[in-house]
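Below, chains carry the letters A, B, ... as their sequence lines are ordered, and counting in each starts from 1. When reading the values below, keep in mind they use all heavy atoms of this one structure, side chains included, and skip hydrogens, waters and symmetry mates.
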Number of protein chains: 2
Amino acid sequence: MAREVGVSRTLVSFAFRNAPGVSEETRHAILEAARRLGYRPNRIAADLARKRAATVGLYLLDLHNEVYADIFAGVREALEGSGVRVILSVGDVRRRGGAEPGDEVESLLEARVGVIIAATLTGPDASLREAAAAVPLVSVARRIEGVDSIYSDDAAGARAATGHLLDLGHTRIVHLTGPRWEGHTERQRAYREAMHDAGLPPRVVAAPEFTFEAAQAAAARILEGPDRPTAVFAHNDQMALGVREAAEALGLRVPEDLSVVGYDDSRIARLAGIRLTSVDLDAHALGSAAGAAALARLADPSGPAVDRCSAPRLVVRTSTAPPPQPRR
Amino acid sequence: MAREVGVSRTLVSFAFRNAPGVSEETRHAILEAARRLGYRPNRIAADLARKRAATVGLYLLDLHNEVYADIFAGVREALEGSGVRVILSVGDVRRRGGAEPGDEVESLLEARVGVIIAATLTGPDASLREAAAAVPLVSVARRIEGVDSIYSDDAAGARAATGHLLDLGHTRIVHLTGPRWEGHTERQRAYREAMHDAGLPPRVVAAPEFTFEAAQAAAARILEGPDRPTAVFAHNDQMALGVREAAEALGLRVPEDLSVVGYDDSRIARLAGIRLTSVDLDAHALGSAAGAAALARLADPSGPAVDRCSAPRLVVRTSTAPPPQPRR
DNA sequence: CTGAAAGCGCTAACAT
DNA sequence: ATGTTAGCGCTTTCAG
């Protein structure tokens, strides 16, 4: 302890938080001594003593998906200067199909964070509610009844995507999605609806994971199979990229032979050589709204749940075009 | 407290760590009661009491760069089942040029992690040594004298990359790098050396950040300027992508008009439509080696420093070709 | 096998 | 403006 400065521990504590009640002189002396002694306050102990953690736990599904980096950036921006720090926990999409946030969220709970921001939490609502019982939860990109939810209108996004393909004249459009988790079905539902409204048969293919690799494998099967679609609407950009890859491997050109649309509009979608038509949900904004909600929740644990739905935007690039051999 | 089960707190503690000395029956009763009461052990308090954190702090420079996701995956894999958890802290490349790991590492220190794994730590060695004084440090992708270092032979990688371009017949090759930080100069040095050996003038351009955006801007200037190079060797894939983007904007084709080589061989480099020639440093392996080193350090704080250098591998794809108008 | 007591490094009243 | 005294929720000797 740096109580060798001649002052009490209280003063040191006050000095470090530059709380009022410490003369400028003393504070200076304390900080100076601390530096000299290599002393650093122990936040762990501080949080424990304070019985309330100025920490938000951020659960990210998959670091390999750039969307989560955007969400993180947004959260950080919102928390900047608030003195609240964030501890991250990342999921493992590849493990047992990526279901159940399990351990990851559990570890946040054990670390006694004051609030958890969960980005695209997987698994059934039940396990979430359980977590939410222990600590306030802010759900990003997924609406959960009774829980702070910051999300984008998935139905509108999927409708725009499907509509775009329909407008181009496509009739054999498949929707490539992942495991059937709650809270991830809106896009699929809207797709089915749009197809139905157009008098076309929907065709949904579920890959075992929401990843590039899984999508690539599933797409290879679809494209080699009978009745090849002329367009694929993928659940996210990573999966859309997997579709492109499979198409390329089979000698199919995008968009001449196959149109592909993604979801997220991550930066990779915008790259030269990719130019993927995608639905932009502004992950950064989602993240900062979630950060703000988390701060509010920390301040008032019992306030009404936030329910913030934003409108996504379809960004048309060159991965979509009219189907090959238009009826003639 | 779940001391309502009729046993003492000691027992509860033991039961949860399934330490020996608790009858199977009691343990079961305790766990059951805990579940019923929604009790969860507080790791914060536990770490504090134990005076030794079973936690590694992982510092990642930039979530937008997929390499860090790979490193993370490697670290996690190495830590799996060890009971050691990891808390992440991510840098902010975009802030004030991305220098100084500052706050991020500081926050790890304050959280009293048992060891810090720093992936591509930026800033001068001095600030690192300071951190290393407080807690053991494992440096990934950067060699630091006297500190556990797990890295790839950058000089060899850069030599291979430059050599490849030279072999193709290029003579005007620029190396695009970022701010001049210690520990990031090997690639540049090897490039200069290779050029020199070939009797060609080196030309190094430093962008203000190691990012896509910064590279794009810098590349635009280079490509529009006089004496346009026929090849660019970028410090990493993100930057190489920025170069491609700038080239495309100017109507230059890759590789016909401009060859581009990156570094890291992140997945994005392999994508259809990109196919970037790049140097693979196997970030996943680097990560898991770092995780193992961290574990060893936790077990024996005073063992000799690990110094593990691996050999990178040049992966040639279609972003490189002979220069336009070969001498004729 | 089980329990009592001390203490980890801090914060938060409550004095002085 | 500064010092005192209790804990925070756990782990850890050390005794029953």
Inset, instruction - Would you kindly give the CG-to-C1' distance between L48(A) and dC8(D), to the nearest whole Å? - result: 4 Å
Inset, instruction - Measure from CZ on R43(B) to P on dT11(D) and round the result to the nearest Å. - result: 10 Å
Legend entry - Modelled atom types, side-chain donor and acceptor of H64(B) and Q238(B), under 3.5 Å: no
Write down the protein N/O and nucleotide N/O pairs, taken from nucleotides 12-14 of chain D, whose separation is under 3.5 Å; answer none if there are no such pairs.
| from | atom 1 | to | atom 2 | distance (Å) |
| --- | --- | --- | --- | --- |
| dT12(D) | OP2 | R17(B) | NH1 | 3.0 |
| dT12(D) | O4 | T10(B) | OG1 | 3.3 |

Inset, instruction - State whether a side-chain donor-acceptor pair under 3.5 Å links R143(B) with Y151(B). - result: yes
Legend entry - Under the ring-ring contact (aromatic ring centres under 6.0 Å, His included) test, residues paired with F16(A) that sit two or more places apart: Y39(A)
Legend entry - Sole residue of R43(B), R40(B), R85(B) in salt bridge (charged side-chain N to carboxylate O under 4.0 Å, His left out) with E110(A): R43(B)
Legend entry - Residues S152(B) and D154(B): side-chain donor-acceptor under 3.5 angstrom: no
Legend entry - Spacing between D47(A) atom CG and dC8(D) atom C1', to the nearest angstrom: 11 Å
